[in-house]
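Note that ligands are numbered from 1 as they come in the structure, with each ligand's atoms numbered from 1 the same way.
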Amino acid sequence: MTDQFKKEIDSALELINSYNNIYICSHIQPDGDSLGSIMALAMAIKKLKNKANINVIKVDDIPSVFDFLPNIDIIKEQDLSQEVELFIALDSSDKERLGIGAEFLCKAKAVINIDHHITNENFGDVNIVLPSSGSTCEIVYKLIKYMGIEMDKDIATCLYTGINTDTGRFMYSNTTYETHIIAAELIKTGIDTSDINISIYQNRTIERTRLLLESLNQLELYEDGKIGLVVVTQDMLEKTGAGMEDTEGIISFVMDINTIEAACLLKEVSNKEIKVSLRSKKYVNVSKIATKFGGGGHVRAAGFTIIGEQIDTAKEMILKEIFKNIR
Ligand code: 5GP
Ligand code: MN
């Protein structure tokens with residue numbers, strides 16, 4: 001742990017100790033890391049300060065795959081008219097990604113920003129931003145340990161889920177020896193990793209499976225197969241009976257193709273709103289590309305939204321940028 005990191009944690013602890021009305025929040029389109037980190041931190045602070053009023057803000061629909069997480073129902077829509085003293089943002093690179101949460105942030109007396117995105121805008125009074133960390137849950141683990149809060153199975157299940165999903169089941173290049181050490185410590189608490197993995201990965205509905213097949217069937221390859229692109233349109237959702245949240249995971253099938261360096265998934269949220277996911281294998285910096293379009297993320301995984309263009313135009317715009325980065 002570096003001195004700078006310790007200093008930031010000490011400042012965060014001071015804020016947590018001085019305020020009672022605490023709001024915890026993460027980004028829209030929640031994933032395992034955002035959900036795992038807010039729930040684990042909420043449960044940990046509750047152990048530290050039993051009397052504290054801890055509110056976990058629901059900013060978007062939660063994919064049903066995470067229903068198994070203990071105490072998932074603590075994530076609730078919150079009342080903006082209540083007093084907000086301390087706001088803690090997790091896994092969110094900027095305020096806009098917090099959705100309705102940003103309005104609670106604006107009201108807060110102090111803001112703690114905990115994240116691992118390289119594109120984080122350091123919008124907090126205290127910023128614990130570690131881009132070298134594979135997941136925000138790893139940072140929360142360190143925080144809990146530093147604060148001397150005892151780890152329990154519920155907290156460990158949430159953290160393990162976030163670490164597991166954000167590192168692509170401990171496979172992506174953001175997986176370090178520390179990731180494995182932390183995972184080992186979490187497993188030591190007695191959590192059922194087999195159960196967790198079945199819940200996350202062997203739980204695909206038939207509609208989601210049909211959408212996966214439908215989209216991969218229309219895979220487009222460019223630059224000798226170095227670039228792979230798939231789209232999910234509203235028509236495809238209707239045909240398969242799947243929802244937009246069922247696009248999760250499609251892009252990793254494109255990444256698995258041997259020739260691929262960069263993969264792109266375009267989701268037609270509506271006629272003129274296209275949500276884009278980017279991934280790369282070895283050298284393309286997709287966070288740089290996403291930033292050009294007003295988004296962000298990591299070097300190997302990033303995203304953004306194009307508003308005001310239809311899917312074909314959006315596709316041309318994005319491909320042009322990816323071409324520039326392919327060798
Ligand atoms: P995904 O493609 O799975 O939605 O996101 C991949 C990564 O990029 C995640 O770390 C996510 O937080 C980040 N990301 C995705 N979309 C956006 C966006 O619109 N803005 C920013 N700043 N980051 C994004
Ligand atoms: Mn994350």
Side-chain angles (χ1 to χ4, degrees), residues 25-41 59-61 63 65-66 89-99 101-102 113-123 128-141 158-170 172-175 179 182 215 228-232 244-255 262-267 269 273-280 284-307 314 318 322:
C25 185
S26 187
H27 59 79
I28 51 170
Q29 291 155 350
D31 56 23
D33 192 33
S34 60
L35 296 169
S37 60
I38 55 177
M39 301 220 312
L41 188 64
V59 297
D60 209 342
D61 290 337
V65 65
F66 297 113
L90 289 134
D91 200 43
S92 188
S93 55
D94 54 63
K95 288 189 229 175
E96 290 67 41
R97 291 271 291 158
L98 295 166
N113 166 27
I114 303 170
D115 187 29
H116 71 132
H117 291 91
I118 196 166
T119 52
N120 190 286
E121 292 176 1
N122 291 307
F123 54 83
I128 305 176
V129 178
L130 298 176
S132 61
S133 201
S135 58
T136 299
C137 280
E138 287 169 53
I139 307 174
V140 172
Y141 172 87
C158 292
L159 292 178
Y160 182 83
T161 298
I163 296 171
N164 182 331
T165 52
D166 249 35
T167 60
R169 315 182 198 185
F170 305 95
Y172 301 153
S173 60
N174 60 2
T175 314
T179 311
I182 293 173
S215 57
L229 184 145
V230 280
V231 301
V232 171
M244 206 45 106
E245 71 282 0
D246 292 313
T247 54
E248 181 69 42
I250 291 179
I251 200 163
S252 63
F253 282 87
V254 182
M255 287 303 288
C264 176
L265 168 68
L266 276 79
K267 302 186 259 187
V269 179
E273 181 178 345
I274 313 298
K275 173 85 182 84
V276 183
S277 288
L278 296 175
R279 301 287 185 273
S280 65
V284 172
N285 182 345
V286 289
S287 125
K288 205 179 81 185
I289 299 173
T291 306
K292 276 200 173 171
F293 289 98
H298 312 281
V299 179
R300 300 276 167 264
F304 56 94
T305 299
I306 295 185
I307 308 246
I318 298 153
I322 305 177

*Just which atoms of ligand 1 are under 4.0 Å from any heavy atom in Asp94?*
22 (N)

*Under 4.0 Å from a heavy atom of Ser277: give me the atoms of ligand 1 that qualify, with their elements.*
1 (P), 2 (O), 4 (O)

May I ask you to identify the nearest protein heavy atom to [atom], giving residue, atom name and distance to one decimal place in Å?
| atom | value |
| --- | --- |
| atom 18 (C) of ligand 1 | Gly303 O, 3.4 Å |
| atom 8 (O) of ligand 1 | Ala302 CA, 3.2 Å |
| atom 3 (O) of ligand 1 | Arg279 NH2, 2.8 Å |
| atom 20 (N) of ligand 1 | Arg97 CD, 3.4 Å |
| atom 19 (O) of ligand 1 | Phe304 CA, 3.5 Å |
| atom 13 (C) of ligand 1 | Gly296 O, 3.6 Å |
| atom 9 (C) of ligand 1 | His117 NE2, 3.9 Å |
| atom 16 (N) of ligand 1 | Lys275 NZ, 2.9 Å |

*According to the salt bridge (Lys or Arg N to Asp or Glu O under 4.0 Å) rule, which pairs have a member within residues 288-306, sequence neighbours left out?*
Lys292-Glu321

Can you name the closest pair of heavy atoms from [X] and [Y] and give their distance?
| X | Y | result |
| --- | --- | --- |
| Ile118 | His298 | CG2-CA, 4.3 Å |
| Thr175 | Tyr172 | OG1-O, 2.7 Å |
| Ser26 | Leu98 | O-CD2, 3.6 Å |
| Val230 | Ser215 | CG1-O, 3.6 Å |
| Ser92 | Asn113 | O-OD1, 4.0 Å |

*Applying a strict 4.0 Å limit to heavy atoms, is Glu248 in contact with ligand 1?*
no

*Any non-hydrogen atom of Thr119 lying under 4.0 Å from ligand 1?*
no

*What part of His298, side chain, backbone, both or neither, has a heavy atom within less than 4.0 angstrom of ligand 1?*
side chain

_Heavy-atom pairs closer than 4.0 Å: do any link ligand 1 to the side chain of Ser93, the backbone, both, or neither?_
side chain

*Inspect the surroundings of CD in Glu248 and state if more than 12 heavy atoms from other residues, nucleotides or ligands are less than 6.0 Å away.*
no

*If only protein N, O or S atoms under 2.8 Å count, total around the Mn ion (ligand 2)*: 4

*Applying ring-ring contact (aromatic ring centres under 6.0 Å, His included), name anything that partners His27, two or more places apart in sequence or on another chain.*
none

*asked:* Side chains of Asn164 and Thr161: any donor to acceptor distance under 3.5 Å?
replied: no

*4.5 Å side-chain heavy-atom contact, Glu138 and His116*: no

*Minimum side-chain heavy-atom gap Ser93-Asp115 below 4.5 Å*: yes

*In chain order, what residues pass the salt bridge (Lys or Arg N to Asp or Glu O under 4.0 Å) check against Asp166, with sequence neighbours excluded?*
none

*asked:* Tell me if a side-chain donor or acceptor on Asn174 pairs with a main-chain N or O of Gly134 at a distance below 3.5 Å.
replied: yes

